[in-house]
Amino acid sequence: MKIDFGTALRRARGCNPSEIGRILAAAGAELGARDVVVYLVDFGQTVLEPLPDDSTHAELPKTEPVGASMVGRAFVDQRVVTVERPDGVRVWAPILEGSDRTGVVAVTLPDGDEDRLRGCEELGLLAGYLIAAQARGTDVYNLYRRRRSMSLAASMQWDILPPLVLRSGAVSVAGLVEPAYEVGGDCFDYAANGAIFDFAVMDAMGHGVRSAVIASLAIGCYRHGRRESMSLEAMHAELHSTLEDHIEKPAFATGVLGRLDTDAGRLTWSNAGHPLPLLVRNGQVLEEMYCPPSPPWGLLPGDVSVATTELQPGDSVLLYTDGVTGVRDGEGGEMGVERLIDLTGRSASDQIPPEEVVRHLVNSVLEHRGSTDLNDDATVVMVRWDGPPNT
């Protein structure tokens with residue numbers, strides 16, 4: 001029993017971009033599914049919000065916590081979760097936009113037949129691709145991922161971020177930014193182009209809209225250089241001259257640019273006054289990775305140094321901004337690098353995917369602070385190399 005993807009895609013063509021729930025309900029009916037609910041994870045990755053629709057539901061959909069509910073389990077574990085009920089089997093299947101996990105689709109089936117359950121997995125995949133294709137034509141999916149009003153700076157930042165999760169052959173990457181609804185200057189980017197995986201983490205000075213403007217220009221410059229096939233040294237230098245020439249002083253950004261040869265595991269990277277990345281191997285932080293730093297982009301001219309690290313299959317590189325280690329608790333104590341190293345080792349040793357390591361670390365930042373009212377933006381990005389393709 002399979003989803004007819006061709007029919008579903010034809011239904012989506014020319015429809016109102018906000019009506020994906022109706023298309024999924026029609027596709028689910030081919031499996032005998034009813035009571036279809038689409039949940040989207042909020043920007044803070046803490047709860048799953050149900051999309052409204054015109055259907056009559058057996059039970060009223062409500063906001064569900066990530067990890068502490070059937071919906072949340074399907075989201076965190078990225079697998080189908082089922083519960084037997086008197087009227088059939090309630091099923092929750094993860095929604096994936098490519099590799100990025102963005103929600104859960106829930107349905108009720110007449111039974112737990114394996115083909116029907118496999119069809120529910122496909123329904124989640126269909127939901128992800130439809131949302132990815134239609135989201136630029138409507139604000140509905142963005143708005144239902146917001147638990148509260150988002151600042152202008154945060155809205156600008158989220159619009160330039162790539163998907164929070166990507167699995168691309170030999171490489172997996174995941175990132176999160178906090179405070180999700182007020183972030184201003186932190187950002188990251190990446191691109192998988194054949195055997196080359198490029199990535200960057202940046203922290204623009206200040207807070208609010210000015211910080212977001214600096215970050216937007218920096219990311220735009222980085223993407224331009226990457227797409228023009230510039231070397232790391234050239235992109236690094238271009239970032240400095242662009243911020244120096246186009247943003248009124250004082251203005252600068254720190255950051256790390258990385259380029260990974262996914263066939264060989266050779267990582268080259270540069271550092272513009274940014275915290276040192278951590279090399280994670282076998283569930284432990286092996287070292288802080290050193291590269292002679294140049295000054296922050298836009299601040300002072302300086303020589304560009306590029307370091308090289310030979311990764312082993314399974315190695316991860318953890319990048320973060322200073323808002324992570326600099327976060328203070330109620331008594332003024334900083335989280336610090338040593339605490340971050342300890343938390344990273346404990347999370348990574350569980351052999352969980354990068355997106356869960358990142359989520360755990362960001363939650364630890366918020367727990368240390370005791371609230372989401374951070375004194376600075378905090379961003380965590382993990383890049384994992386699983387070894388050469390087909391090995």
Side-chain angles (χ1 to χ4, degrees), residues 157 160-162 171 173 175 177 184-206 210-262 264-279 287-311 317-324 377 379-383 385:
Q157 290 299 83
I160 65 172
L161 287 178
V171 177
V173 59
V177 296
D186 279 13
C187 53
F188 64 91
D189 196 35
Y190 60 79
N193 296 307
I196 299 300
F197 185 80
D198 282 292
F199 59 91
V201 173
M202 301 178 183
D203 181 0
M205 66 163 284
R210 177 170 166 77
S211 183
V213 169
I214 297 171
S216 296
L217 180 60
I219 286 290
C221 176
Y222 169 66
R223 288 174 175 167
H224 173 263
R226 192 180 67 210
R227 292 162 182 168
E228 291 293 314
S229 301
M230 289 185 181
S231 66
L232 280 183
E233 294 92 335
M235 285 193 293
H236 193 111
E238 185 76 5
L239 274 160
H240 169 70
S241 61
T242 297
L243 293 189
E244 185 178 50
D245 293 345
H246 297 287
I247 300 289
E248 184 179 351
K249 303 295 183 294
F252 65 86
T254 70
V256 169
L257 305 184
R259 177 165 288 168
L260 175 62
D261 180 338
T262 62
R266 183 173 299 108
L267 172 65
T268 53
W269 58 286
S270 65
N271 186 330
H274 199 77
L276 300 178
L278 305 179
L279 178 59
E287 62 183 8
E288 288 186 281
M289 300 166 60
Y290 181 72
C291 175
S294 65
W297 296 305
L299 188 61
L300 295 169
D303 295 333
V304 180
S305 296
V306 173
T308 301
T309 301
E310 302 291 339
L311 300 183
V317 177
L318 187 83
L319 305 105
Y320 61 94
T321 59
D322 60 7
V324 173
D377 295 345
T379 294
V380 180
V381 175
M382 176 171 268
V383 178
W385 181 60

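- Under a 3.5 Å cut-off, the side chain of Asn271 and the backbone N or O of His274 do form a donor-acceptor pair.
- Minimum interatomic distance between Met205 and Ala251 (heavy atoms only, all atoms of both residues): SD-CA, 3.3 Å.
- Between atom CG of residue Leu243 and atom CD of residue Glu238 there is a gap of 10.0 Å, rounded to the nearest 0.5 Å.
- Using a 4.5 Å heavy-atom cutoff, the side chains of Thr242 and Trp297 are not in contact.
- Among all heavy-atom pairs drawn from Cys291 and Ser270, the shortest one is SG-CA, 4.1 Å.
- Residues Tyr190 and Val383 form no side-chain contact, since every pair of their non-hydrogen atoms from C-beta on lies 4.5 Å or further apart.
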Show your reasoning for whether side chain to side chain contact (heavy atoms under 4.5 Å, CB included) applies to Trp385 and Leu260.
-> CA-CA 9 Å; Trp385 181 60; Leu260 175 62; 4.1 Å; yes
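- In this structure, CE on Met235 lies 9.5 Å from SG on Cys221, to the nearest 0.5 angstrom.
- Under 3.5 Å, the side chains of Thr321 and Asp203 contain no donor-acceptor pair of N or O atoms.
- Between Trp269 and Val317, every side-chain heavy-atom pair lies at or beyond the 4.5 Å cut-off.
- The main-chain N or O of Leu279 is never found under 3.5 Å from a side-chain atom of Glu287 such that the two would form a donor-acceptor pair.
- Taking NE2 from His246 and CD from Glu248, the interatomic distance works out to 14.5 Å, rounded to the nearest 0.5 Å.
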Going through the distances and angles, do Asp189 and Arg223 end up as a side chain to side chain contact (heavy atoms under 4.5 Å, CB included)?
-> CA-CA 8 Å; Asp189 196 35; Arg223 288 174 175 167; 2.8 Å; yes
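- When side chains are defined from C-beta on, Glu233 does not count as touching Ser305, because their heavy atoms never get closer than 4.5 Å.
- Considering only heavy atoms from C-beta on, Arg259 stays 4.5 Å or farther from Val306 through its side chain.
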Might you work through the side chain to side chain contact (heavy atoms under 4.5 Å, CB included) test for Leu276 and Tyr290, ending with a clear yes or no?
-> CA-CA 6 Å; Leu276 300 178; Tyr290 181 72; 4.3 Å; yes
Intermediate values then yes/no, side chain to side chain contact (heavy atoms under 4.5 Å, CB included), Cys187 and Leu161 | CA-CA 7 Å; Cys187 53; Leu161 287 178; 4.2 Å; yes
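- Residues Met289 and Leu278 have side chains not in contact (no heavy-atom distance under 4.5 Å, counting atoms from C-beta outward).
- In this structure, Arg210 and Ile247 have side chains that are in contact, with non-hydrogen atoms separated by less than 4.5 Å.
- Atom CG in Leu319 sits 11.0 Å away from atom CZ in Phe188 (nearest 0.5 Å).
- Side-chain atoms of Lys249 do not come within 3.5 Å of backbone N or O of Leu299 as any donor-acceptor pair.
- Side-chain atoms of Asp377 come within 3.5 Å of backbone atoms of Gly185 as a donor-acceptor pair (strictly under, hydrogens ignored).
- Atoms OG1 and CG, from Thr262 and Leu267 in turn, are 12.0 Å apart once rounded to the nearest 0.5 Å.
- To the nearest 0.5 Å, the span separating OG1 on Thr268 from CG on Asp198 amounts to 8.0 Å.
- Side chain of Thr254 to backbone of Pro296: no donor-acceptor contact under 3.5 angstrom is found.
- Around the CG atom of Asp245, the shell of radius 6.0 Å holds more than 12 heavy atoms that belong to other residues, nucleotides or ligands.
- Side-chain contact between Leu257 and Leu239 is present, with at least one heavy-atom pair separated by less than 4.5 Å.
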